[in-house]
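Below is one structure, written out as structure tokens; comments come after it.
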There are 2 protein chains.
Amino acid sequence: MKRPNPKRAPASRGRPRTFDVDRALDRALTVFWRKGYEGASLPDLTRAMGINRPSLYAAFGNKEQLFRKAMDRYAQGPAAYALCALEAPTARAVFERLLCGGIDMLTNPRNPRGCLAVQGALACGDAADNVRKELIARRASLVTALQDRFERARSEGDLPPDSDPAVLARYAATVLHGLSIQATSGATRQEMQRIVEMALRAWPT
Amino acid sequence: MKRPNPKRAPASRGRPRTFDVDRALDRALTVFWRKGYEGASLPDLTRAMGINRPSLYAAFGNKEQLFRKAMDRYAQGPAAYALCALEAPTARAVFERLLCGGIDMLTNPRNPRGCLAVQGALACGDAADNVRKELIARRASLVTALQDRFERARSEGDLPPDSDPAVLARYAATVLHGLSIQATSGATRQEMQRIVEMALRAWPT
DNA sequence: CGCGTTTTGTACTGCTCGGTACAATTTAGG
DNA sequence: CCTAAATTGTACCGAGCAGTACAAAACGCG
């Protein structure tokens, strides 16, 4: 037994890193966000991250693992509005906060256009198929989270008994993802707000 | 060797083609549809088209021109439902026929998943930027066509005077494109039909 | 037939891709 | 100091990319 000190204390023995891992991951996130998984090349990534290639591989594994870590950061950062919306008091408020939060994210000029979970790897070559399926799973997890929330709302009398939480959840995801396409196509904040106002009219009373 | 005689015999003087240009274009369309512009490689395309590379370049120019021709064929073939929906008698029927036609196209097992105009080049590298912008323009042209149709409907008293044709058009495109994402994520026909039923509830009376 | 014209298949170009080998460099521990 | 461990930069790898040169093959026409 050499070291009874596993990893609690860093005690890094070699040459220290000259870059901030989280900061570099944020830069990688914006590149993937703007160009998608396939469209983002290694030179694109290393240039934006300010590091060279072996440093990227040492810190993040490979391109796919880097993308997954960037997705995690996306979910906990720019896309956190989605899970946050689940905590709204009523089902209608969940729907409204989801879409308004989406508009805020999609129109924030500091962000690339669109939603990474949609345009990261929608249709792609065979090499990106794992990433494509991962994004499908992530989108599906949003739908199930919404469905669970709406089922709770119905059991609490917040939704009519004849409403279908699964349909409400898929409708919400459909509008949200459609808004993402609108954002990549250049729609303005006001235009999206009008769309959301209209989408809200379909909500059960 | 027998001559398959593609379409016509315009008394061409050289060696005749051994493949049907339109048929090859259909094959190319499905490859672009399934893998997107960047994800579809030249070997993918030539293999599906049953021709070799110089024949492709001689008949279609290059990859980008081939994609544009495939898009034209897509618009006049699988996606013709969209323009066809404009001829419905009422604005509400236009909306309904647009979305139901979209469901038919998106759930046809002979087609790849999703909508080519959405997933052909949503986020991509710099090399595909022209194609990306082209698809943005094509999606925008659908919105303006819908808007024109809804403006006519309002002038005919088919829509309330306080309704906004531009918002109605963008809402329709948002739901349609959202359905495309649902389709790529594996949604079934019934699930999409429920979504459309719900989206219809937002329509002005 | 011979000639011009067009398509076909093979083989190649230059380039970029994701991923790595290797040596120099910089730290900590003995 | 010396050694081990970790990062850094350069330079490279095989593979795949879009696109093309070239010659053989297959036609219409005289």
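Below, chain A is the first sequence line, B the second, and so on; all start at residue 1.
- Partners of B:Asp126 under the side-chain contact (heavy atoms from CB on, under 4.5 Å) rule, at least two apart in sequence or in another chain, are A:Lys35.
- For the pair A:Lys63 NZ and D:dG16 C1', the computed distance is 13 Å after rounding to whole Å.
- Per the geometry, CG belonging to B:Asp20 stands 14 Å off P belonging to C:dT7, to the nearest Å.
- Using a cutoff of 4.0 Å between basic side-chain nitrogens and carboxylate oxygens, B:Arg152 and B:Asp158 are not scored as salt-bridged.
- Remark: B:Asp22 does not engage B:Lys69 in a salt bridge, criterion side-chain N to carboxylate O under 4.0 Å.
- For DNA chain D, the residues of residues 31-59 of chain B within the heavy-atom distance limit of 4.0 Å (strictly under) are B:Ala40, B:Ser41, B:Leu42, B:Pro43, B:Arg53, B:Pro54, B:Tyr57, sorted by number.
- Using a 4.5 Å heavy-atom cutoff, the side chains of B:Met198 and A:Pro204 are in contact.
- When the C1' atom of D:dT3 is taken as reference, atom CZ of A:Arg13 falls 8 Å away, rounded to whole Å.
- Using a cut-off of 4.0 Å between Lys/Arg side-chain N and Asp/Glu carboxylate O, B:Lys133 and B:Asp129 are scored as salt-bridged.
- In terms of polar N and O atoms assigned as donor or acceptor, the side chain of A:Arg15 comes within less than 3.5 Å of the base of C:dT25 in a complementary pairing.
- Atom CZ of B:Arg17 is separated from atom P of D:dC27 by 15 Å (rounded to the nearest Å).
- The CG-P distance, from A:Leu66 to C:dG19, rounds to 10 Å in whole Å.
- With sequence neighbours left out, B:Glu197 forms a salt bridge (charged side-chain N to carboxylate O under 4.0 Å, His left out) with no residue at all.
- At whole-Å resolution of the value, CZ in B:Phe67 and P in D:dC17 are 18 Å apart.
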